[in-house]
**Q** 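Pasting in a structure now, in structure tokens, and then I'll have a few things to ask.
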Amino acid sequence: MAFVVAIDGPVAAGKGTLARALAARFGFAYLDTGSLYRAVGSKLLRQGGDPSDADFAAKIAQSLETSDLSAPDLRAEAVGLAASKVASIPAVRAALLEYQRRFASQPPQNAPGAVLDGRDIGTVICPDAPVKLFVTASDEVRAERRFKELQAKGEAVLLADVLADLRRRDAQDASRATAPLKPAEDAHLLDTSGLDIEAAVAAAAKLVSAKLSP
Ligand code: DC
């Protein structure tokens with residue numbers, strides 16, 4: 001059985017950076033589960049669909065292909081909001097569940113472990129993961145990070161709009177009935193507001209090492 005590190009948390013808390021660094025350090029495979037929901041959102045918007053149309057969104061999720069994961073607009077703000085909407089549809093979540101569980105139990109290239117990040121990894125996808133992290137940071141710190149990312153990509157955005165979008169998306173993700181964003185009871189909370197990436201990775205790596213060789 002592969003060793004699983006489950007990382008959850010709100011928008012731009014630093015999950016992806018942390019997950020990638022942990023995967024590289026321990027030779028584990030990495031899955032950004034948000035990209036699956038983004039791929040559904042992106043494909044649906046491209047086909048002129050409405051993200052709250054449950055039947056249409058479910059059909060897209062059921063027929064998702066690997067190539068959809070490299071859609072050029074995958075990281076755009078509009079796609080993030082659409083992803084958050086389709087993620088509240090139970091049939092969409094059901095269609096993406098098996099792929100995530102298989103990745104965790106049989107990571108690609110026979111990697112000895114897997115790091116998955118998202119919103120429901122520790123609560124629903126991998127409830128038995130030996131290491132669960134719930135990564136947070138203040139709204140302002142997260143908005144600032146996301147704003148810089150978008151600016152670096154040349155997107156013309158206002159910090160106030162980024163903050164408002166982030167709050168809207170978090171509220172949507174945390175209030176949905178199916179697999180809402182919340183820490184698993186046995187998750188370690190990691191607040192990255194005042195931590196640089198090296199310090200966050202060091203803290204998380206210590207937890208992983210302790211479970212790998214107690
Ligand atoms: O991590 P991200 O911001 O790229 O995710 C985009 C959206 O997908 C997010 O707002 C909620 C949804 N999501 C989810 O519901 N469950 C996951 N495991 C990952 C993402």
Side-chain angles (χ1 to χ4, degrees), residues 1-40 64 66 68-71 74-75 80 83-84 87 93 95-137 141-142 145-146 149 169-170 173-174 179-193 195-214:
M1 194 63 186
F3 187 97
V4 178
V5 181
I7 305 186
D8 293 301
V11 179
K15 304 184 297 289
T17 314
L18 184 64
R20 250 180 239 107
L22 286 178
R25 178 174 303 205
F26 293 98
F28 292 173
Y30 168 54
L31 180 63
D32 161 14
T33 66
S35 68
L36 304 174
Y37 294 91
R38 284 176 178 271
V40 175
L64 208 63
T66 318
D68 296 323
L69 296 173
S70 38
L74 215 61
R75 319 286 344 151
S84 174
R93 304 200 71 82
L96 303 178
L97 184 95
E98 232 6 81
Y99 177 81
Q100 298 173 77
R101 288 223 173 118
R102 198 169 330 114
F103 188 100
S105 61
Q106 295 159 26
Q109 278 143 14
N110 282 325
V115 183
L116 282 79
D117 77 31
R119 304 292 187 287
D120 63 339
I121 308 305
T123 50
V124 174
I125 305 293
C126 303
D128 298 327
V131 177
K132 297 181 186 177
L133 294 167
F134 194 84
V135 187
T136 56
V141 166
R142 293 186 295 118
R145 285 180 191 158
R146 185 84 186 112
E149 250 172 55
R169 196 136 73 84
D170 285 347
D173 294 343
L181 165 70
K182 67 167 184 206
E185 274 176 20
D186 50 350
H188 297 271
L189 301 185
L190 187 62
D191 187 334
T192 65
S193 304
L195 283 184
D196 58 24
I197 178 64
E198 284 79 18
V201 172
K206 217 168 146 185
L207 294 169
V208 175
S209 297
K211 287 281 182 173
L212 272 174
S213 43

**Q** Do you know the tightest heavy-atom contact between Ser35 and Arg75?
**A** CB-NH1, 4.4 Å

**Q** Quick one: closest heavy-atom pair of Ser105 and Ala2, and the distance?
**A** O-CB, 3.9 Å

**Q** When rounded to the nearest 0.5 angstrom, what is the spacing between CD in Glu185 and OG1 in Thr123?
**A** 11.0 Å

**Q** So do the side chains of Leu190 and Ile7 get within less than 4.5 Å of each other, counting heavy atoms only?
**A** no

**Q** Mind checking whether Val131 and Leu22 have side chains closer than 4.5 Å, heavy atoms only?
**A** no

**Q** Is it true that Arg142 and Asp170 make a salt bridge, defined as a side-chain N closer than 4.0 Å to a carboxylate O?
**A** yes

**Q** Supply the atom-to-atom distance Arg93 CZ to Tyr37 OH, rounded to the nearest 0.5 angstrom.
**A** 3.5 Å

**Q** Quick one, Arg119 and Ile125 - any side-chain contact, counting heavy atoms below 4.5 Å?
**A** no

**Q** Do the charged groups of Glu149 and Arg146 touch, with an N to O distance under 4.0 Å?
**A** yes

**Q** Could you report the tightest heavy-atom contact between Leu116 and Ala104, atom names first, then the distance?
**A** CD1-CB, 4.0 Å

**Q** Got Leu18 and Thr192 here, is their nearest side-chain heavy-atom distance under 4.5 Å?
**A** no

**Q** Nearest 0.5 Å please: distance from the OG1 atom of Thr33 over to the CG atom of Asp120.
**A** 6.5 Å

**Q** Using a 4.5 Å cut-off on heavy atoms from C-beta on, say whether the side chain of Ser209 contacts that of Phe26.
**A** yes

**Q** Could you tell me which non-hydrogen atom of Asp117 sits nearest to which non-hydrogen atom of Gly16, and how far apart they are?
**A** OD2-CA, 3.3 Å

**Q** Check Ala137 against Arg145 and note the closest heavy-atom contact, atom names and distance.
**A** CB-NH1, 4.0 Å

**Q** Test salt bridge (Lys or Arg N to Asp or Glu O under 4.0 Å) on Arg38 and Asp32 and set out the steps.
**A** CA-CA 10 Å; Arg38 284 176 178 271; Asp32 161 14; over 6 Å; no

**Q** Determine whether Gln100 and Ile121 make a side-chain contact, defined as any pair of heavy atoms from C-beta on separated by less than 4.5 Å.
**A** yes

**Q** Compare all side-chain heavy atoms of Phe28 with those of Val4 and state whether any distance is below 4.5 angstrom.
**A** no

**Q** Does a side-chain heavy-atom distance below 4.5 Å link Asp173 with Pro10?
**A** no

**Q** Can you tell me if Asn110 has over 12 outside heavy atoms packed within less than 6.0 Å of its CG?
**A** no

**Q** Which pair of heavy atoms, one from Ala21 and one from Val201, lies closest together, and at what distance?
**A** CB-CG2, 3.5 Å

**Q** Okay, side chain of Lys132, backbone of Pro127: is any donor-acceptor separation there less than 3.5 Å?
**A** yes

